[in-house]
Q: 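Please see the structure below; I have some questions.
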Amino acid sequence: MSIFRIRERGITSYPPVQQDKSYSEIKLRNGTGRFVSRFLHIVNMNYLTGYRYPLKRFILLLLVSAIIAAVLETAHLRPGACLQTCVNLFYNRSLLTISLFIACAITLYMMYSPRPVYLVDYACFLPSHRYRIPFASFIEHSNLGGHFNERSIEFQRKIMERSGVGERTAFPFAMHYLPPRPSMSWARAEAETVIYTMLDELFDKSGVRPKDIGILVENSSMFNPSPSISAMIVNKYKMRNNIRSFQLAGMGCAAGIIGLDLVKDLLQVHRNTYGLLVSTENITLNWYLGNYRPMLLPNCLFRLGGSAILLSNRRSDRLRSKYKLMHSLRTHKGTDDGAYRCVYQEEDEDGILGVSLSKDLMAVAGDALKTNITNLGPLVLPFSEQLLFAASLVARKLIDPKIRLYMPDFKLAFEHFCIHAGGRAVIDELEKTLRLEPKHVEASRMTLHRFGNVSSACVWYELAYSEAKGRVKTGDRVWQIGLGSGFKCASAVWRALRNISPAQKGPWNDCIHEYPVNIPEVRQI
């Protein structure tokens with residue numbers, strides 16, 4: 001029989017002796033004793049894990065500093081005098097102190113400096129032609145479904161004529177039936193089709209195995225089953241059992257960049273790992289079948305789509321990555337009641353559930369964007385633009401509150417703009433607010449035309465558009481802007497690490513030669 005004594009400073013094995021008050025004795029059988037000994041050893045080692053990497057770095061840097069100093073000191077000496085000089089250097093306290101200081105400084109810098117976050121690759125869902133519903137079919141289904149009155153059908157027709165959405169957008173199969181079949185089984189089928197298609201493509205392109213993923217974040221605002229979608233992904237791809245998985249819900253079209261910000265923060269804590277961000281939205285269970293106009297707008301704009309993004313904090317992945325994340329930040333206007341309720345899920349007068357879009361949405365979005373760029377500006381803008389903005393801000397505070405704030409020229413800070421394609425009105429408002437030119441919002445308008453509003457994944461279809469056109473070069477800066485319920489505005493800034501060639505598999509491969517297209521103000525249906 002083995003006897004183990006557990007002491008405050010560790011675990012020690014002893015033969016049976018008279019009990020001592022400073023020890024607690026545990027008498028165990030031989031098999032159980034070995035198991036407990038191994039377990040307690042692992043637990044004790046885990047306490048040291050956080051110190052292992054800084055300690056190894058410190059020792060390595062200390063040795064390197066000493067070697068460099070020795071080489072510099074003996075470089076001009078004859079071979080016979082080198083040995084004696086090295087011995088003298090070993091006993092030189094001043095040199096050792098300097099080496100110790102340099103090693104400490106470099107170690108502290110490496111410990112507390114932010115780890116780089118690289119975008120290794122990404123994939124967007126490309127619906128097959130079977131998912132497409134042209135405008136005429138959309139209006140016909142609305143007529144035959146029996147849920148909408150004539151005024152609602154006419155309202156939807158006018159909205160779609162002016163929406164900027166094209167004829168090739170896609171709907172899930174549940175919406176192809178008469179009447180539509182909004183059910184949990186069809187909603188799961190929609191989510192599985194979109195997510196599994198994207199992830200299969202992403203893992204194939206990147207060469208990364210599902211078991212290599214250490215962090216998983218999935219965002220879907222309106223569809224949150226149990227088990228969660230993140231658990232569904234873990235089950236499908238048999239990911240490791242210690243993966244850190246998260247599910248974001250109810251954050252609207254800004255959830256993708258908010259999820260990116262979460263993955264970035266997690267990659268600062270967990271070293272040498274991959275983070276996977278999956279952004280989707282579900283139409284099947286959120287199709288509005290009533291006649292309240294503010295709730296009919298999502299039916300006319302939202303379409304089938306999604307994105308999957310692979311991130312890494314491994315420095316060895318820099319050479320094969322596309323972009324480096326420079327900044328990510330978000331603005332939350334939820335303290336204002338008007339902003340909080342401008343995108344709101346509720347029942348209408350007939351008890352039919354839907355998402356209502358307020359007429360104040362554009363004003364709220366513009367205000368949220370101005371707050372967001374006030375925080376982003378000092379990080380990305382040239383000093384001259386910052387100075388002009390600061391001068392207008394001081395004048396407004398001290399001279400006249402009616403003085404308009406100077407809007408910095410963000411075209412000096414970015415080469416590519418990925419503005420949330422929430423609708424033609426959203427793009428128009430942001431183009432006006434940021435004083436952009438038509439070429440800067442081309443990716444957003446073409447994404448809205450080809451794919452519709454695919455929620456938080458819009459910004460990735462837009463980036464894929466710029467890549468498919470061969471416009472992204474080494475050092476180019478990309479600004480992604482997301483807007484979502486709550487109300488939130490989120491920004492991400494990337495820097496291209498190389499010239500990005502058009503992807504062999506991408507959402508624009510079958511049609512990029514057709515774009516850009518002319519989008520009329522009104523398209524008759």
Side-chain angles (χ1 to χ4, degrees), residues 118-129 131-132 166-170 194 197-208 256-257 260 276-279 303-312 317-326 414-421 427 436-452 454 456-481 492-519:
Y118 301 113
L119 192 158
V120 180
D121 214 330
Y122 66 97
C124 298
F125 178 69
L126 176 61
S128 70
H129 67 278
Y131 291 94
R132 296 174 186 168
E167 294 270 12
R168 302 170 70 178
T169 57
V194 174
T197 302
M198 296 187 304
L199 291 181
D200 288 345
E201 178 185 335
L202 181 61
F203 289 136
D204 180 62
K205 291 195 301 184
S206 65
V208 174
I257 300 181
L260 172 67
L276 180 62
L277 172 64
V278 181
S279 299
R303 297 295 187 267
L304 187 65
S307 61
I309 297 90
L310 181 64
L311 303 165
S312 173
D317 284 326
R318 187 186 190 282
L319 293 178
R320 71 185 187 115
S321 296
K322 289 185 172 183
Y323 303 92
K324 179 181 179 181
L325 181 62
M326 306 304 295
F414 304 106
E415 286 75 32
H416 306 280
F417 296 81
C418 298
I419 297 171
H420 171 57
I427 300 174
L436 301 179
E437 299 173 9
K439 65 179 181 180
H440 296 120
V441 295
E442 177 186 318
S444 300
R445 294 194 189 278
M446 298 307 108
T447 295
L448 180 65
H449 181 270
R450 173 61 182 86
F451 297 100
V454 288
S456 58
C458 285
V459 293
W460 298 104
Y461 285 87
E462 295 162 16
L463 184 57
Y465 178 87
S466 297
E467 292 182 2
K469 285 292 185 181
R471 297 173 180 173
V472 183
K473 306 300 181 182
T474 303
D476 281 3
R477 297 156 296 180
V478 181
W479 184 14
Q480 294 178 321
I481 306 172
V493 178
W494 302 90
R495 182 181 293 276
L497 298 177
R498 53 186 169 87
N499 293 341
I500 308 298
S501 303
Q504 295 182 353
K505 294 182 65 177
W508 295 93
N509 284 11
D510 64 337
C511 62
I512 190 61
H513 60 282
E514 303 173 10
Y515 285 88
V517 298
N518 179 46
I519 304 175

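Just the heavy atoms: all of them, side chains too, but no hydrogens, waters or symmetry mates, feed the values below. Counting begins at 1 with the first residue of the sequence.
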Q: For the atom pair CG (L119) and CG (L497), what is the distance rounded to the nearest 0.5 Å?
A: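 L119 CG to L497 CG: 9.5 Å, rounded to 0.5 Å.
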Q: With rounding to the nearest 0.5 angstrom, report the CD to CG distance, Q480 to L325.
A: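 Between atom CD of Q480 and atom CG of L325 there are 9.0 Å.
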Q: Please walk me through it: do F414 and L436 pass side chain to side chain contact (heavy atoms under 4.5 Å, CB included)?
A: CA-CA 11 Å; F414 304 106; L436 301 179; over 6 Å; no
Q: For the rings on W460 and F125, is their centre-to-centre separation under 6.0 Å?
A: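 They do not qualify: ring centres at least 6.0 Å apart.
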Q: Could I get the full list of side-chain hydrogen bond (donor to acceptor under 3.5 Å, both in side chains) partners for Y465, not counting sequence neighbours?
A: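 By the side-chain hydrogen bond (donor to acceptor under 3.5 Å, both in side chains) rule, Y465 matches E442.
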Q: Determine the minimum heavy-atom distance between D317 and S312, stating which atoms define it.
A: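 Taking D317 first and S312 second, the nearest heavy atoms are OD2-OG, 2.6 Å.
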Q: Once you measure the plane-to-plane angle for F451 and Y461, does it fall in the parallel (<30°), tilted (30-60°) or perpendicular (>60°) bin?
A: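 It falls in the tilted class, 30° to 60°.
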Q: Measuring from atom CD1 of I500 to atom OG of S466, what distance do you get when rounded to the nearest 0.5 angstrom?
A: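 Going from the CD1 atom of I500 to the OG atom of S466 covers 11.0 Å.
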Q: Can you check side chain to side chain contact (heavy atoms under 4.5 Å, CB included) on D121 and V208, steps first, answer last?
A: CA-CA 10 Å; D121 214 330; V208 174; over 6 Å; no
Q: How long is the gap from CG on D204 to NZ on K505, to the nearest 0.5 Å?
A: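 These two atoms lie 6.0 Å from each other.
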Q: If we check side-chain hydrogen bond (donor to acceptor under 3.5 Å, both in side chains) with R168, which of these qualifies: H129, E514, H449?
A: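 Among the candidates, only E514 passes.
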Q: Checking the side chain of T474 only, and the main-chain atoms of N499 only, is there a donor and an acceptor separated by less than 3.5 Å?
A: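 Yes; at least one donor-acceptor contact below 3.5 Å.
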Q: As a quick check of understanding, evaluate side chain to side chain contact (heavy atoms under 4.5 Å, CB included) for E467 and W508, giving each step before the final call.
A: CA-CA 10 Å; E467 292 182 2; W508 295 93; over 6 Å; no
Q: Could you tell me whether a side-chain N or O of R132 sits under 3.5 Å from a main-chain N or O of P127, the two making a donor and an acceptor?
A: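 No, because the side chain of R132 does not come within donor-acceptor range (under 3.5 Å) of the backbone of P127.
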Q: Go through the steps to decide whether Y323 and V472 satisfy the test side chain to side chain contact (heavy atoms under 4.5 Å, CB included), and finish with yes or no.
A: CA-CA 10 Å; Y323 303 92; V472 183; 3.6 Å; yes
Q: For the backbone of S321 and the side chain of R498, can you confirm whether one donor and one acceptor N or O come within less than 3.5 Å of each other?
A: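 Yes: the side chain of R498 pairs with the backbone of S321.
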Q: According to side-chain hydrogen bond (donor to acceptor under 3.5 Å, both in side chains), who are the partners of D510, at least two apart in sequence or on a separate chain?
A: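 Partners of D510 by the side-chain hydrogen bond (donor to acceptor under 3.5 Å, both in side chains) criterion come out as none, since no residue qualifies.
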Q: Only counting residues at least two apart or in another chain, list the ones meeting side-chain hydrogen bond (donor to acceptor under 3.5 Å, both in side chains) with R303.
A: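 Per chain and number, R303 pairs via side-chain hydrogen bond (donor to acceptor under 3.5 Å, both in side chains) with T169.
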Q: By side-chain hydrogen bond (donor to acceptor under 3.5 Å, both in side chains), which residues pair with W479, not counting sequence neighbours?
A: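 Residues passing side-chain hydrogen bond (donor to acceptor under 3.5 Å, both in side chains) with W479: S491.
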Q: Listed by chain and number, what are the side chain to side chain contact (heavy atoms under 4.5 Å, CB included) partners of S444, not counting sequence neighbours?
A: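 Here the qualifying residues are I419, I427, E462.
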Q: Rounded to the nearest 0.5 Å, what separation is found between the NE2 atom of H416 and the CG atom of L463?
A: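 That separation rounds to 8.5 Å.
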Q: Show the nearest heavy-atom pair for residues S279 and A457, with the distance to one decimal.
A: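 Result for this residue pair: O-CB, 4.3 Å.
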Q: Side chains of L448 and I519, heavy atoms from C-beta outward: is any pair under 4.5 Å?
A: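 Contact flag for L448/I519 side chains = no.
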Q: Looking at residues at least two apart in the chain, or sitting in another chain, which of them share a salt bridge (charged side-chain N to carboxylate O under 4.0 Å, His left out) with R477?
A: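 Salt bridge (charged side-chain N to carboxylate O under 4.0 Å, His left out) list for R477, sorted by chain: E415.
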Q: Nearest 0.5 Å, what's the SG-CD1 distance between C418 and I257?
A: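 Between C418 SG and I257 CD1, I get 9.0 Å after rounding to 0.5 Å.
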Q: Donor-acceptor check, side chain of K469 to backbone of Y515, threshold 3.5 angstrom: yes or no?
A: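 Side chain of K469 to backbone of Y515: a pair is present.
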